[in-house]
**Student:** 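Here it is: the structure, laid out below.
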Amino acid sequence: MAGPALSLSDCRVLIVDDNEFNRKSLALVIRRAGITDIAFAENGREGLAAVDRFRPDLVLLDVDMPVMNGWEMCEALRRNSTHEELPVLFQTALDSDEEQVRCFEAGGSDFISKPIKPGECVARVRHQLEKRKLFGDLAAFRERVQRELSHARAMQTSLLPENRRLAEVADRYGLTLDAHFETSSELGGDFWGLYPLGDRRLGLLMVDFAGHGITAAINTFRLHTLIDRFPMQHMAPSQWLAQLNAALKDVLPTGQFATAFFGILDLAIDTLTFAAAGSPNPVLGTPPATRGNAPDIRLLDSAGLVLGASRRAQYVDQSHRLPRGGFLFLYSDALIECGGDECGPLGQEAVPNFVRDGLARDRQHPLRPMMDSFYARTSLPLRDDLTAVWVARRA
């Protein structure tokens, strides 16, 4: 069943016709549709001026007029970006297929044939105006949604360490810190953070919620509210991750989960201790035993039950040496799963060589060339959110 007709009482219609009788007759007909705000012009040139002055919602335009005919007026309207979407309803006594095609080629929205049939005229006018209203409402809704998504994206980005924060932490702990974050849509499900635990210990967290978009983004806000509830200072990464998992299990909707990496870098004993929940394998690099040799680069085991799947999940701590000159590379699965038409996904096993190539191009800040290489082989937009974090100890 059709819904109620939209009111057209606030619509404006411009009638452009050189015949006074036709103008009055058309005005009488369209008043049946509830339209009372009507203006008139006698040729195309006057019509263009009236459009700028009157700002109509629809133009009823005769084809055959002196000074400037209807086709010429419509073509002039369409050259003006302001009036590209203005409905133009041609009225013409020329009913050949060629003439009708000419009306559309000039930019007309529709046409009615003379002599005017009142019922048909009202129906076509109503159709064009209702369509304009609906498209206008849709455009306004889209603009509002885009504005709200932009605000939400700014809020989500504010949860991540900003450049000034990275510089402060890097200087405090003698590190090089670089990060890249990009969502596959307006909002995403990736989160990462740095957590000073005294002058010699630093916490590193990366979480990737399943999916992307609004639902995944909401989960990052949920995560952020939970982190401060569990102090990291005197707790092993596995214990802290288990507490976080239990809390997320209580708040995540059924079927939603996240992969995670949580590590503590202890500069006093040159050690990285971490626990993982199914995250992509981090890359650990240690300086060579002999000067001039390449660093030892390897993937770390990051197996573990994803967060939010079971309250009983247990996690295991791993410890690895991370001396001066060593580095840690963390990333979300978009890095290894997104590819392009000519190149397939990078894949997990190729990440160490991916890192080596980045180091060969820029030893101090390899994340930059690494991201250049990734985007050179990957189709946009990304199918998943991408986070990449480079943590290196200064030699």
Side-chain angles (χ1 to χ4, degrees), residues 142-163 165-166 177-195 203-228 241 244-245 247-249 251-262 276-282 302 306-309 329-340 345-346 348 351 354 367-368 370-391:
R142 179 184 176 87
E143 182 179 350
R144 178 171 63 82
V145 169
Q146 291 294 335
R147 185 167 58 249
E148 292 177 355
L149 285 174
S150 177
H151 291 324
R153 179 180 175 84
M155 291 173 61
Q156 184 178 28
T157 303
S158 72
L159 302 180
L160 307 176
E162 59 182 5
N163 289 336
R165 173 67 171 165
L166 290 180
L177 288 172
D178 290 317
H180 178 88
F181 173 77
E182 181 179 353
T183 58
S184 59
S185 57
E186 289 85 354
L187 300 173
D190 284 7
F191 177 90
W192 80 279
L194 298 166
Y195 305 93
L204 302 163
L205 175 66
M206 180 176 288
V207 179
D208 180 1
F209 285 95
H212 48 271
I214 293 175
T215 300
I218 290 173
N219 287 335
T220 66
F221 289 109
R222 289 187 173 116
L223 172 67
H224 189 259
T225 63
L226 294 174
I227 289 175
D228 292 339
L241 209 55
L244 180 63
N245 168 69
L248 280 173
K249 179 61 179 173
V251 299
L252 288 181
T254 301
Q256 295 185 22
F257 59 88
T259 63
F261 170 97
F262 176 54
S279 65
N281 298 138
S302 58
V306 293
L307 302 182
F329 176 48
L330 303 174
Y331 52 94
S332 58
D333 55 12
L335 182 79
I336 56 177
E337 294 180 357
C338 293
L346 180 66
Q348 184 75 85
V351 176
F354 180 73
L367 188 62
R368 298 171 186 171
M370 287 160 64
M371 291 300 97
D372 289 342
S373 296
F374 170 77
Y375 284 106
R377 60 178 291 142
T378 305
S379 298
L380 297 177
L382 296 178
R383 298 192 306 272
D384 199 0
D385 310 317
L386 173 63
T387 301
V389 178
W390 181 265
V391 183

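What you see is a predicted model; the values in this text were computed from it and never measured.
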**Student:** Any side-chain heavy atom of Leu307 sitting closer than 4.5 Å to one from Leu241?
**Tutor:** yes
**Student:** Do Phe329 and Leu367 pass the side-chain contact (heavy atoms from CB on, under 4.5 Å) test, and can you show the C-alpha distance, the side-chain angles, and the key distance before you say yes or no?
**Tutor:** CA-CA 9 Å; Phe329 176 48; Leu367 188 62; 3.8 Å; yes
**Student:** Whether the Ser302 and Asn281 side chains hold a donor-acceptor pair (N or O, under 3.5 Å, no angle test) is what I'd like checked.
**Tutor:** yes
**Student:** For a quick test of reading the model, state the closest non-hydrogen atom pair linking Tyr195 to Ile227 and the distance between them.
**Tutor:** OH-CD1, 3.5 Å
**Student:** Check whether any side-chain heavy atom of Tyr375 sits under 4.5 Å from a side-chain heavy atom of Leu380, and report yes or no.
**Tutor:**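 When only atoms from C-beta onward are counted, Leu380 and Tyr375 do touch, with a gap below 4.5 Å.
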**Student:** What's the separation between atom CZ in Phe209 and atom CG in Leu223, rounded to the nearest 0.5 Å?
**Tutor:** 4.5 Å
**Student:** Does atom CD1 (Ile214) have a neighbourhood of more than 12 heavy atoms from anything else shown, all under 6.0 Å?
**Tutor:**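 No, the 6.0 Å shell around CD1 holds no more than 12 heavy atoms from other groups.
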**Student:** Hey, does Val207 have a side-chain heavy atom less than 4.5 Å from the side chain of Phe262?
**Tutor:**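 No. Closest side-chain heavy atoms not under 4.5 Å.
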**Student:** Please answer whether the main-chain N or O of Arg147 pairs with a side-chain N or O of Ser150 as donor and acceptor at a distance below 3.5 Å.
**Tutor:**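 Pair absent, no side-chain N/O of Ser150 close to backbone of Arg147.
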**Student:** Would you give the length of the straight line joining atom CD1 of Ile218 to atom CG of Leu252, rounded to the nearest 0.5 angstrom?
**Tutor:**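 So the CD1 of Ile218 and the CG of Leu252 are separated by 11.5 Å.
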**Student:** Please give me the minimum heavy-atom distance between Leu166 and Pro161, naming the atom from each residue.
**Tutor:** CD2-CB, 3.9 Å
**Student:** For Gly189, does its backbone N or O pair with a side-chain atom of Asp385 as donor and acceptor, under 3.5 Å?
**Tutor:**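 Confirmed, Asp385 side chain pairs with Gly189 backbone.
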**Student:** Do Thr378 and Leu346 have side chains that approach each other closer than 4.5 Å (heavy atoms only, starting at C-beta)?
**Tutor:** no
**Student:** Counting N and O atoms only, with roles assigned by atom type, does the side chain of Arg383 sit under 3.5 Å from a partner on the main chain of Glu337, one being a donor and the other an acceptor?
**Tutor:**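 Judged by distance alone, yes, a pair lies under 3.5 Å.
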**Student:** Looking only at atom types and distance, does a side-chain atom of Thr157 sit under 3.5 Å from a main-chain N or O of Ala154, one as donor and one as acceptor?
**Tutor:**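 No; judged by distance alone, with no hydrogens or angles, the pair does not exist.
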**Student:** How close do Ser379 and Gly340 get, heavy atom to heavy atom, and via which atoms?
**Tutor:** OG-CA, 3.1 Å
**Student:** Rounded to the nearest 0.5 Å, how far does CG of Asp384 lie from OG1 of Thr183?
**Tutor:**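 If we round to the nearest 0.5 Å, Thr183:OG1 and Asp384:CG are 10.5 Å apart.
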**Student:** Side-chain contact, heavy-atom cut-off 4.5 Å: Phe374 with Leu382?
**Tutor:** yes
**Student:** For a quick check under 3.5 Å, do Asp208 and Ser332 share a side-chain donor-acceptor pair by atom type?
**Tutor:**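 Result is no, nothing qualifies.
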**Student:** Kindly compute the distance separating CZ (Arg165) from CG (Leu160), expressed to the nearest 0.5 Å.
**Tutor:**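 Output value for this atom pair is 13.0 Å.
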**Student:** Would you check if the side chain of Gln256 reaches a backbone N or O of Gly308 as a donor-acceptor pair within less than 3.5 Å?
**Tutor:**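 Flag not set: sc Gln256 to bb Gly308 has no pair under 3.5 Å.
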**Student:** Using a 4.5 Å cut-off on heavy atoms from C-beta on, say whether the side chain of Phe257 contacts that of Leu248.
**Tutor:**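 Leu248 does not reach Phe257 side chain to side chain.
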**Student:** What heavy-atom pair brings Leu204 and Val391 nearest, and what distance separates the two atoms?
**Tutor:**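 Scanning both residues, the minimum pair turns out to be CD2-CG2, 4.3 Å.
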**Student:** Rounded to the nearest 0.5 Å, what's the gap from CE on Met371 to CH2 on Trp390? Could you check?
**Tutor:** 10.5 Å
**Student:** Where is the tightest heavy-atom contact between Tyr331 and Pro282, given as atom of each residue plus distance?
**Tutor:**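 Residues Tyr331 and Pro282, closest heavy atoms: CE2-CA, 4.4 Å.
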**Student:** Restricting to non-hydrogen atoms, name the atom on Asn245 and the atom on Ala309 that form the minimum distance, rounded to 0.1 Å.
**Tutor:** OD1-N, 4.2 Å
**Student:** Please tell me if the side chains of Leu335 and Met370 come closer than 4.5 Å, counting only heavy atoms from C-beta onward.
**Tutor:**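 Side-chain contact under 4.5 Å: no.
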